Amino acid sequence: GTLRTRIHAPLLHLTKSGIVKLASELGLDFRLTSSCYDPDEAGRPCGGCDSCLLRRKGFAEAGVADPLEYR
């Protein structure tokens with residue numbers, strides 16, 4: 001084999017708040033994202049699962065408002 005593979009993982013060494021800051025700088029629409037393990041039928045995040053808690057902490061530490069409406 002002469003095929004070379006390169007894996008890029010630019011977020012690997014960033015904290016959650018670092019990811020939120022970078023995404024905000026790049027203009028990401030956070031309304032299109034969710035991390036919830038247990039969303040309701042409408043897709044609203046629960047706000048209490050591990051993933052939601054980490055997301056909320058990351059937004060708080062980054063000083064960026066999370067636009068998602070939690071149950």
Side-chain angles (χ1 to χ4, degrees):
T2 59
L3 179 64
R4 291 182 176 225
T5 302
R6 182 177 224 165
I7 298 173
H8 295 274
L11 307 179
L12 185 65
H13 299 291
L14 292 178
T15 62
K16 291 289 184 190
S17 63
I19 293 170
V20 171
K21 286 177 187 176
L22 177 60
S24 181
E25 290 169 7
L26 294 173
L28 177 74
D29 184 353
F30 290 112
R31 293 173 297 177
L32 302 176
T33 69
S34 180
S35 305
C36 186
Y37 296 143
D38 189 26
D40 67 10
E41 297 80 23
R44 288 178 304 202
C46 71
C49 69
D50 287 345
S51 187
C52 282
L53 295 175
L54 288 171
R55 176 187 170 106
R56 294 172 89 165
K57 182 179 182 216
F59 272 87
E61 289 177 354
V64 175
D66 185 351
L68 293 187
E69 180 182 323
Y70 292 89
R71 290 185 296 189

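Atoms considered below: every heavy atom in the structure, side chains included; atoms not considered: hydrogens, waters and symmetry mates. Since this is a predicted model, take the numbers as computed values, not measurements.
- We find the CG-OG distance between D50 and S35 to be 11.5 Å, quoted to the nearest 0.5 Å.
- A continuous path of ILVMFWY side-chain contacts below 4.5 Å connects L26 to I19, so both sit in one hydrophobic cluster.
- Side-chain polar atoms of S34 and R44 form no donor-acceptor pair below 3.5 angstrom.
- The two residues C46 and R71 make their nearest non-hydrogen contact at CB-NH2, 2.7 Å.
- Residue G47 comes nearest to R56 through the heavy atom pair O-NH1, 3.0 Å, listed as atom of the first residue, atom of the second, then distance.
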Query raised in the report: Given K57 and E61, is the salt bridge (Lys or Arg N to Asp or Glu O under 4.0 Å) satisfied, shown in steps?
Result: CA-CA 6 Å; K57 182 179 182 216; E61 289 177 354; 3.5 Å; yes
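- With a 4.5 Å cut-off on side-chain heavy atoms, S51 and C36 do not count as touching.
- Cluster partners of V20 are L28, F30, F59, V64, counting Ile, Leu, Val, Met, Phe, Trp and Tyr whose side-chain heavy atoms approach within less than 4.5 Å, directly or via other members.
- Taking OG1 from T15 and CG from L54, the interatomic distance works out to 11.0 Å, rounded to the nearest 0.5 Å.
- The shortest distance between side-chain heavy atoms of K21 and L14 does not fall below 4.5 Å.
- Hydrophobic cluster membership for L68: Y70 (Ile, Leu, Val, Met, Phe, Trp, Tyr linked by side-chain heavy atoms under 4.5 Å, directly or transitively).
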